[in-house]
Amino acid sequence: MLDPVLSHWLETEAEALDLGHSDPQTVLSQLAAANVLRVGVDPALGGSGGSVVDAIESVASVASHSLASAFVFWGQRAFIEYVLQSPNKGLGERLLPDLLSGQLAGATGLSNAMKFLSGVEALQVQARAEANGWSLNGRLHWVTNLRKSGFVVAAAIDREEGGTPFVLAIPDALAGLTRSADLQLMGLQSSNTAAIDLQAVQVAEEWLLHDNAKVFLPAVRPAFLGLQCAMSIGLARRSLNEAQAHLQGPRAGLLELLEEQRAALESHVTALKVGLLDGRFLTQPAALFKIRIALAEATASAVQFELQASGGKAYLSAYGSAFARRWRESAFVPIVTPSLVQLRAELQRQSQASAQ
């Protein structure tokens, strides 16, 4: 259960957050005040305990009210996960207190890296080795949670001299790093989503998350995608709950169909949690990709069912504005990186490779 204060704020501000009429600076502060950023983190490190599965439920709960806020939450919590799994414990000691308190925004700039891992895209940032660090050049085209009051972004880096790519945490205050204006999105506008340009940015070795991206990325991918799936889960659950409220009188016969959709959704949620807890997704990423696709499809079906259950009310401004927002939110689910097209292409590639 979410803190009632956070639930009320999310419900009240959801429309404004989606359209960009609410200050994006406040999102992370509200999440931090409700202590949801600490879920799934060892109490010895400043967390409230539990596992990444508990963090997924927290993100899903936020998504049931506001996908824009859940998008920010995903970026922050994914970055926290990178720090937790990094062998650079000194970096974690420096960053975790401010990340967990919401004083510092963590941006998961690894979408490009996840595409690189599947052979879809080249890395967008290059590094030249220098004394005690690197000089970086490149561009990250779409990064969420780039809070203007301060952020640190994760990026996978290609070496100019050749060799294994690595993963860095890059703080925003470095010379040569430029944040663009917020991207003009159809929704999710208060999510601090922008691009980053890097021109001869000097980064010291102390900011290294991992010296081998091909080892680190597969290790963090289950949490990265699992937390991302939470956005689908929360949105789908909310739409089905809204649909149920409309299934009275002559529409009560649709309750059985509603329960079928709810059962299918929760079966995918269970499969996701089991796979994360037993570690199977580390060696069977295809299984995780299939769950991500299934949850996205379940979300589309849930929002469509809400429309059918609502009927004409969905097109009346007095009743339908929240539905219209959920419709926009559901349209984002298939395209957030890795998109469903990219996942299906990777599954097809793996299937063809195994058949040879």
Side-chain angles (χ1 to χ4, degrees), residues 1-19 21-22 27 30-31 34 36 56-74 185-191 228-270 272 292 294-336:
M1 290 287 293
L2 284 181
D3 178 279
V5 174
L6 176 60
S7 294
H8 176 75
W9 184 83
L10 290 169
E11 200 67 24
T12 302
E13 294 294 317
E15 193 77 8
L17 289 166
D18 185 60
L19 297 175
H21 300 158
S22 186
V27 179
Q30 291 288 337
L31 295 173
V36 294
I56 285 170
E57 282 293 345
S58 292
V59 176
S61 293
V62 170
S64 72
H65 299 284
S66 162
L67 201 73
S69 298
F71 197 28
V72 170
F73 191 176
W74 166 69
L185 308 175
M186 287 177 60
L188 312 177
Q189 192 59 48
S190 295
S191 58
Q228 191 181 85
C229 284
M231 293 190 284
S232 296
I233 295 166
L235 178 54
R237 285 174 174 169
R238 178 61 181 268
S239 277
L240 291 177
N241 286 342
E242 291 293 328
Q244 183 171 359
H246 292 289
L247 296 182
Q248 308 295 328
R251 294 177 179 167
L254 294 176
L255 283 169
E256 184 176 347
L257 181 56
L258 172 77
E259 291 307 321
E260 288 176 2
Q261 287 208 26
R262 186 171 279 148
L265 170 65
E266 295 305 328
S267 72
H268 298 315
V269 174
T270 298
L272 174 65
R292 160 84 165 91
L295 284 168
E297 292 175 341
T299 301
S301 295
V303 175
Q304 180 70 23
F305 192 82
E306 181 188 353
L307 171 60
Q308 294 174 37
S310 304
K313 273 190 173 183
Y315 276 82
L316 295 173
S317 296
Y319 299 97
S321 60
F323 167 76
R325 172 176 51 78
R326 284 190 288 277
W327 189 276
R328 287 193 300 274
E329 291 172 345
S330 71
F332 178 69
V333 168
I335 64 170
V336 62

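Residue Leu10 holds its CG atom at 6.0 Å from OG of Ser66, rounded to the nearest 0.5 Å. In this structure, His268 NE2 and Glu297 CD are separated by 8.0 Å, a value rounded to the nearest 0.5 Å. Interatomic distance, Leu258 CG to His246 NE2, rounded to the nearest 0.5 Å: 11.5 Å. In this structure, the separation between NE2 on His8 and CD on Gln30 is 10.5 Å, given to the nearest 0.5 Å. From Leu19, atom CG reaches atom CE of Met186 across 11.0 Å, with rounding to the nearest 0.5 Å. Going from atom CG of Leu254 over to atom CG of Leu247 covers 5.5 Å, rounded to the nearest 0.5 Å.
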| task | Would you please test Trp9 and Leu17 for side-chain contact (heavy atoms from CB on, under 4.5 Å) and show each step? | result | CA-CA 11 Å; Trp9 184 83; Leu17 289 166; 3.9 Å; yes
| Stepwise salt bridge (charged side-chain N to carboxylate O under 4.0 Å, His left out) check, Arg328 with Glu15 | CA-CA 11 Å; Arg328 287 193 300 274; Glu15 193 77 8; 3.8 Å; yes
| task | Check the pair Gln261, Phe305 against side-chain contact (heavy atoms from CB on, under 4.5 Å), reporting the backbone distance first and the verdict last. | result | CA-CA 9 Å; Gln261 287 208 26; Phe305 192 82; 3.6 Å; yes
| request: Could you go through the side-chain contact (heavy atoms from CB on, under 4.5 Å) check for Asp18 and Leu67 one step at a time? | output: CA-CA 8 Å; Asp18 185 60; Leu67 201 73; over 6 Å; no
| message | What verdict does the side-chain contact (heavy atoms from CB on, under 4.5 Å) test give for Phe71 and Val336, after you've listed the backbone C-alpha separation in whole Å, the side-chain angles of each residue and the deciding distance to 0.1 Å? | response | CA-CA 10 Å; Phe71 197 28; Val336 62; 4.2 Å; yes
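Closest of all the heavy-atom pairs between Val303 and Trp327 is CG1-CE3, 3.6 Å. The two residues Val72 and Ser190 come nearest to each other via the heavy atoms CG2-O, 4.3 Å. The two residues Ala68 and Ser191 make their nearest non-hydrogen contact at O-CB, 4.2 Å. Closest of all the heavy-atom pairs between Glu13 and Ser22 is OE1-OG, 3.0 Å. The two atoms that bring Val5 and Asp3 nearest to each other are N-OD1, 2.7 Å, heavy atoms only. Scanning all heavy atoms of the two residues, the minimum distance from Ala236 to Ala302 falls at O-CB, 3.7 Å.
In this structure, Ser267 contributes its side chain and Ala264 its backbone to a donor-acceptor pair below 3.5 Å. Judged purely by atom type and a 3.5 angstrom limit, Ser58 has no side-chain atom pairing as donor or acceptor with the backbone of Val36. A donor-acceptor contact shorter than 3.5 Å links the side chain of Ser64 to the backbone of Ser61.
Contact check for Glu57 versus Val269: side-chain heavy atoms found under the 4.5 Å cut-off. For the pair Leu235 and Ser330, the minimum side-chain heavy-atom distance is below 4.5 Å. By the 4.5 Å heavy-atom criterion applied to side chains, Arg292 and Val333 are counted as neighbours. Between Ile233 and Thr299, every side-chain heavy-atom pair lies at or beyond the 4.5 Å cut-off. Between Leu2 and His65, some side-chain heavy-atom pair lies under the 4.5 Å cut-off.
For Arg326, the side chain to side chain donor-acceptor pair (under 3.5 Å) test picks out Glu306, with sequence neighbours left out. For Ala70, the side chain to side chain contact (heavy atoms under 4.5 Å, CB included) criterion is met by Val59, Val62, Ala63, Met231, not counting sequence neighbours.
In Glu256, the CD atom is not crowded: 12 or fewer heavy atoms of neighbouring residues, nucleotides or ligands sit closer than 6.0 Å.
Between Glu266 and Arg262 there is no salt bridge, since no side-chain N of the basic residue sits under 4.0 Å from a carboxylate O of the acidic one.
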